[in-house]
Amino acid sequence: MVPLAPVNWDAYQADGVAALAAATDADAVEEARVRFLGRKAALPLALREVRDRETGMLLNTVRKAIEEAAAEAELRLAAAVAGRGLDFDPTEPASLHGGALPAGSLHPITQTRREIEDVFLGLGYEVIDGREVETTRYNFDALNFPDWHPARSPLASLFFDRDRLLRTETSPSQIRTMETRKPPIYMVSHGRVYRRDATDATHYPVFHQIEGLAIDRGLTLADLKGTLLHLMRALFGPQREVRFRTHYFPFTEPSMEPDVSCFLCDGKGCRVCKHSGWIEMGGSGMVDPKLFEFVGYDPEEYTGFAFGLGIERIVQLRHGVPDIRLLWHNDLRVLRQF
Amino acid sequence: MKVPVDWLRDYVPLEMPLDELAHRLAVTSCEVERVSRRGIPWENGNHDLFVVGHVLSAEKHPNADRLQLCKVDVGETEPAQIVCGAWNFGAGATVAVARPGATMPDGLVLERRKLRGEVSEGMILSERELELSQDHDGIMVLAAPGAADAPRPGTPLAELFALSEDILEVEVTGNRPDLLSVYGIAREVAALYGLPLAPPPGVAPSLSGDEKIAIDIQDAVGCPRYIGRVFRDVKVGPSPAWLKARVLGAGMRPISNIVDITNYVMVAFGSPLHAFDLDRLAEQRIVVRRAGAGEKMEILGGVEYTFDARDLLICDGAGPVAIAGIKGGEATGVTETTTNVLLEAANFEPHELLATSERLRLRTDGSNRWEKGVDPHAAGRAATLATQLIVELAGARWTGDNDVHQGLPGREVIALRPARTDAIIGVVTPPAQQTALLTSLGFDVAEGALTGPDFPGGAGQPTLSVTVPTWRARDIAREIDVVEEIARFQLDALPATLPARRELFGTLTEAQRLRRRVEDVLVGAGLAEAYTGTLTGHDPDPRALRLPDPLGGDQEVMRTRLLNGLVESAERNINVGTAGVALFEIARVYLPAPADGDLPDERWHVAGIVEGGYFRAKAVVELLLSAFRADWAFEPAADLGDLGQGARLRGRGAAADGGPAGGGPVGGTVSLLPAATLDGAWGTFEIDLPLLFAAVPGHTTYEDVVTFPSVKNDIAVVVDEGVASGDLLAAVREAGGPELGEAAVFDVYRGGQVSQGAKSVAISLSFRSPERTLADEDAAVHRARILKTLAERFGATLRG
Ligand SMILES: [Zn+2]
């Protein structure tokens, strides 16, 4: 019997595992297996000779490690995608491997609201959170709504009692803000507003409005136009133009309705812009001096402008959402598109 | 309002393309909804094929009993043979004829063709075929046989009345009742294009009599002016074609010459009129007064209305004959047999009239104008034009006039600083141009005085003295209102500039910033954001604010929590077969104020609903809390009402209301929804955001967790099933001392060697110090202290 040469079993294990890890085909795996685990390899020979428990445990550990490396190599090769040189199929869905993470989504109203907020934050405006249950004082009186104005009627607005109602526009927050500070004021305010409207594709009794107010020395109607142009280009593309049409609102004088040139047809006329090339965006104007009187500003010192837009309308236009109710149904088939 | 363009041309010489006019009017004056067309197409000379015909003979068709065979002189050498189905005319009548090749309003092209074996060269027309009326009462007879003024055969019909009309359909804002009239629109067009405006139409014929109808205005506020004119020998009959065309073009139905005249004048001047059958007015007098409670009247068309003391009525000697400005009574209206007429040209106060119209749910062309405020001076012009037409078209004699008022309002004079105009608009309009523009709109402008020393904007500024026209009195009372008049004509020239800022501010508030983060964390956690209604059908809080007159039973209550809407949304998604539903919403709830009549506390909440049970929801909340570093406890709760069972979230800070020690206010709930509510296992959560944000550490200071390694140490304790993991963990934190870093439950084990009714809870601990490397002995001391506390509080035993 030939005494065995002493073997460094740590190195043996490392060599065996490395050879198997490096194997790129079945032959190489088989070759390494024979070399390190085969009948004539040093390890099985030594195991046959072993007499003490400690050496036995050591040799078994080495054998187990190499066997595992071999099994791993076989698995790896089995899973390899033929001809691509890959050890696994990287196109399989992660859900098959316990790794899928669900995708959430931000509502399109929120996405557009944030974009508008960011435009105005960039212009140095504050964002003011108003309140939704308002008094007639803030919702109408302070905004110069005459006593006979149809919006004051329970046929148009939702009242809790004679003095309290659901705000019909976000403007009361302008008054609340003006009451508590001095100009300059540059603010936007947004949120839910309420009207007694019959529901259809473009009307819903609750909708989101975003409203802006700027009060400073020397503000002009041209500044209002420039501000809205900046917003419309941010929302609808850099080629957009803005025009004003004269209108009437109790809280502004002069009052204007801004239109944006149609982003679908570039002003040539299409179904969305009703073949006019222009899309109506909301209301705007120079703050009526009556509002300044109400909050104690000097209309000779300050001028201001204000505007209000419907967020749902912008969302419907930008994303081609045909019916406003889709924005309230929370159908995940819809929400997951955004 | 419908504005026939031909009518507009009576007052202002239009040359520009209609599309351009519509665009410019929309910018300066009023919305133009569309440009539409009524009548015979005019393209390719089509109008020339519609001519006057003289019926030479009319006999029965040889092969058809119901048809006439006519020979008609149409101004050519040979008469035309025309087959006609109507019998209301005969030889000698003057009629309207369409020649072969003519295109009718419905697009049909007439051809020369045989009808029952006889050639028909065109068509004798009815009013309906010319779109002059909806009636099918035979063909239109332009002149009876032998009439002296019959138009000559071959005369183009277009010379007699408008065969077709372009119509501007405009929508007018509430401050511009003057634009609810063709003349008012003409004035704007004239100002826009610098065109001459014709003087107001109407030349009064001479008064042939001195009858004074008694007019008693008992409410001069409701009725500041009442003109009553008497006409005798009135011949009520159909209107001439031109008037029918005008009335139709304005969107109304021709009825009779008298009624058509009142409608025509209303549309011309915007001041509504009414005609009474004088002989049916009791005592032949007029009383204008408020109604007695319960007073009744039948209006034209036969519907009966009941009034109260707020409604203004026109009465005769016996009772009501009209609802002032809104609708005339059935019994006193003009009919075919009327021979004497009382014409009313009045003025009514708008707001009470609007209230009456809303109360009675009765809106008319008249009320639509009165409710916006009609110029009291317009009644005079309207009466003049109507008088002229009644005399001319109904052969009447004007025999009486009475104009009752207590003085008409004078014209306001406003000082306008031309420089102020420029300062508001942001574009320079020279004073001369401002003057010219205002003048073309009917203002009188003169050089004004310089502003005085008391003037708030400073002394010594030049002004224009601007006198407001009566038809704008309600809308224009201040300098800024005059500025708007200039501004609306400068809109196309307006540049786009940005404010020159001297100070800058503008960031999101802390709460706004954090709300955005809540949205982002939840989207990252795989939830889709939802928007649900503010108003709901039911709410757990019986004190929740209610609308007394809601849009519907399911939109009655102001919600005090968000979850109702989310449960409904989840259900809708289940019903369409969507899997993996996970929704959240950030919105306000409305907590009733302590005192009735105060405004509610509007608080931002976030709520969510996820498929997969309680712990799916809790995982989301845990993620949210850790994203905000908010140290909140989950407090077991078996009684979350319709939300099922789960936990309340409670801050660890001191209770604001002096509640249980160590307990802050409840900041939200996490629950397992009862199986009856939704199919499957659903978890929910709802959190009060102001409370959550209050729990967010304001400012983070770096803590050294790097220099010295931590010592990890696990314990497993056996406790009764009833002990909540969260309570154990809280006690561990409390007992662990400042060197306890992380503590987390990583396994709960039941069965095996753990006895029935008990569980083994394994907790991983790590200890560290910022000053030194802790030894195992240090950890052992902490660990022993923790175990002692758990033993004392929960009877916990260390599991071997
Ligand atoms: Zn378009």
Report task. Go through the atoms of B:Asp481 and report whether side chain, backbone, both or neither lie under 4.5 Å from a heavy atom of chain A. Result -> both

**Report entry** B:Ala582, part contacting chain A, at a heavy-atom distance under 4.5 Å
**Finding:** backbone

Report summary line: Bottom line for B:Glu358: the part with an atom under 4.5 Å from chain A's heavy atoms is side chain

**Report entry** Under 4.5 Å from any heavy atom of chain B - which part of A:Arg243
**Finding:** side chain

Report summary line: CG (B:Asn573) and CG (A:Leu332) are apart, to the nearest 0.5 Å, by 4.0 Å

Requested in this report: Measure distances from A:Leu228 to the heavy atoms of chain B and classify the residue's part below 4.5 Å as side chain, backbone, both or neither.
Outcome: neither

Query raised in the report: Between B:Gly426, B:Ala570, B:Ala511, B:Gly580, which has the largest tally of heavy atom pairs under 4.5 Å with chain A?
Result: B:Gly426

Report task. Sort B:Leu599 into side chain, backbone, both or neither according to what part of it lies under 4.5 angstrom from a heavy atom of chain A. Result -> both

Query - Proximity breakdown for A:Asp288 and chain B, heavy-atom pairs closer than 4.5 Å - result: side chain

**Report entry** Contacting region of B:Tyr590 [heavy-atom separation from chain A under 4.5 Å]
**Finding:** side chain

Query raised in the report: So which of B:Glu352, B:Arg515, B:Glu485 has the biggest tally of heavy-atom pairs under 4.5 Å with chain A?
Result: B:Arg515

Query raised in the report: Roughly how far, to the nearest 0.5 Å, is the CG atom of B:Asn175 from the CZ atom of A:Phe249?
Result: 10.5 Å

Requested in this report: Check each atom of A:His208 against the heavy atoms of chain B and say whether the ones under 4.5 Å are side chain, backbone, both or neither.
Outcome: side chain

Query - Toward chain A, the part of B:Arg24 with a non-hydrogen atom under 4.5 Å - result: neither

Query raised in the report: Can any side-chain N or O of B:Thr451 pair as donor or acceptor with the backbone N or O of B:Gly458 at less than 3.5 Å?
Result: yes

**Report entry** Residue B:Leu527 versus chain A: region with a heavy atom under 4.5 Å
**Finding:** backbone

Report task. Determine the minimum heavy-atom distance between A:Val119 and A:Ala234, stating which atoms define it. Result -> CG2-CB, 3.5 Å

Requested in this report: State, with a plain yes or no, whether a side-chain heavy atom of A:Leu224 is found less than 4.5 Å away from one of A:Phe307.
Outcome: yes

Report summary line: Taking every heavy atom of B:Thr173 against every heavy atom of A:His247, the minimum-distance pair comes out as CG2-CE1, 3.6 Å

Report summary line: Turns out that what part of B:Glu568 lies under 4.5 Å from chain A's heavy atoms comes down to neither

Report summary line: Given A:Glu134, A:Arg217, A:His275, A:His149, the one with more heavy-atom pairs under 4.5 angstrom with chain B than any other is A:Arg217

Requested in this report: Side chain from CB out, backbone as N, CA, C, O: work out which of these in A:Arg113 comes under 4.5 Å of a heavy atom of chain B, or both, or neither.
Outcome: side chain

Query - Region of A:Phe159 in contact with chain B, defined by heavy-atom distances below 4.5 Å - result: backbone

Report summary line: Between the CZ atom in A:Arg192 and the OG1 atom in A:Thr170, the distance rounded to the nearest 0.5 Å is 14.0 Å

Requested in this report: Establish, yes or no, whether the cationic atom of A:Arg195 lies under 6.0 Å from the six-membered ring centre of A:Phe207 and within 45° of the ring axis.
Outcome: no

Query raised in the report: Given a strict heavy-atom distance threshold of 4.5 Å, which part of A:Arg164 is in contact with chain B: side chain, backbone, both, or neither?
Result: side chain

Query - Side-chain touch A:Glu117/A:His190, heavy atoms, less than 4.5 angstrom - result: yes

**Report entry** Proximal component of A:Glu241, with respect to chain B [non-hydrogen, under 4.5 Å]
**Finding:** neither

Query raised in the report: Quick one: are B:Pro350 and B:Trp370 in side-chain contact, heavy atoms under 4.5 Å?
Result: no

Requested in this report: Below 4.5 Å from any heavy atom of chain A, which atoms of B:Phe489 appear? Answer side chain, backbone, both or neither.
Outcome: neither

Query raised in the report: Heavy-atom distance under 4.5 Å to chain B: side chain of A:Phe305, backbone, both or neither?
Result: side chain

Report summary line: When the 4.5 angstrom heavy-atom criterion is applied to A:Thr303 and chain B, the contacting part is side chain

Report task. Count the heavy-atom pairs under 4.5 Å between each of A:Arg131, A:Glu301, A:Glu126 and chain B, then report the option with the highest count. Result -> A:Arg131

Report task. Run the numbers on B:Thr429 and B:Gln490 for side-chain hydrogen bond (donor to acceptor under 3.5 Å, both in side chains), then give the verdict. Result -> CA-CA 8 Å; B:Thr429 311; B:Gln490 287 285 31; 2.7 Å; yes

Query raised in the report: Quick check: are there more than 12 heavy atoms from other residues, nucleotides or ligands sitting under 6.0 Å from NZ of A:Lys182?
Result: yes

**Report entry** Contacting moiety of B:Arg420, where chain A heavy atoms sit under 4.5 Å
**Finding:** side chain

Query raised in the report: Would you call B:Ile586 and B:Leu689 a side-chain contact if the rule is heavy atoms closer than 4.5 Å?
Result: yes

Please report, to 0.1 Å, the donor-acceptor pairs under 3.5 Å made by any side chain of residues 492-500 of chain B, with sequence neighbours excluded.
| residue | atom | partner | partner atom | Å |
| --- | --- | --- | --- | --- |
| B:Thr497 | OG1 | A:Ala222 | O | 3.4 |
| B:Thr497 | OG1 | A:Asp223 | N | 3.3 |
| B:Thr497 | OG1 | A:Asp223 | OD1 | 2.5 |

Query raised in the report: Highest number of heavy-atom pairs under 4.5 Å with chain B: which of A:Leu219, A:Val206, A:Leu158?
Result: A:Leu158

Query raised in the report: Can you tell if the side chain of A:Val287 reaches within under 4.5 Å of the side chain of A:Leu213, non-hydrogen atoms only?
Result: yes

**Report entry** Crowding at CZ, B:Arg502 (>12 non-hydrogen neighbours, <6.0 Å)
**Finding:** yes

Query - Proximal component of A:Met187, with respect to chain B [non-hydrogen, under 4.5 Å] - result: neither

Query raised in the report: Under a 4.5 Å heavy-atom cut-off, does chain B meet the side chain of A:Leu229, its backbone, both or neither?
Result: side chain

Query raised in the report: Tell me, side chain or backbone of B:Asp598 under 4.5 Å from chain A's heavy atoms, or both, or neither?
Result: backbone

Report summary line: Note: vs chain B, highest number of non-hydrogen pairs under 4.5 angstrom among A:Val242, A:Asp298, A:Thr227 is A:Thr227

Query - Under 4.5 Å from any heavy atom of chain B - which part of A:Leu166 - result: side chain

Query raised in the report: Checking heavy atoms, do the side chain of B:Arg176, its backbone, both or neither come under 4.5 Å from chain A?
Result: neither

Query raised in the report: With chain B, which of A:Gly285, A:Pro102, A:Ser105 has the greatest number of heavy-atom pairs at distances under 4.5 Å?
Result: A:Ser105

**Report entry** Region of A:Thr199 in contact with chain B, defined by heavy-atom distances below 4.5 Å
**Finding:** neither

Query raised in the report: Within 45° of the ring axis of A:Tyr186 and under 6.0 Å from its six-membered ring centre, is that where the NZ or CZ of B:Arg501 lies?
Result: yes

Query raised in the report: Taking it one step at a time, do A:Glu312 and A:Tyr204 satisfy side-chain hydrogen bond (donor to acceptor under 3.5 Å, both in side chains)?
Result: CA-CA 10 Å; A:Glu312 279 88 339; A:Tyr204 201 71; over 6 Å; no

Query raised in the report: Which answer fits B:Ala530, side chain, backbone, both or neither, if we ask what part of it has an atom under 4.5 Å from a heavy atom of chain A?
Result: both

Query raised in the report: Side chain, backbone, both or neither: which part of B:Glu585 has a heavy atom under 4.5 Å from chain A?
Result: side chain

Query raised in the report: Do you know which of A:Arg333, A:Met286, A:Arg196, A:Arg336 has the most heavy-atom pairs with chain B at a distance under 4.5 angstrom?
Result: A:Arg196

Report task. Return the orientation label for the B:His351 and A:Trp148 ring planes: parallel under 30°, perpendicular over 60°, tilted otherwise. Result -> parallel

Requested in this report: Answer whether the closest heavy-atom distance between the side chains of B:Tyr531 and A:Thr110 falls below 4.5 Å.
Outcome: yes

Report summary line: Interface check, chain A: of B:Leu535, B:Asp475, B:Val27, most non-hydrogen pairs under 4.5 Å belong to B:Val27

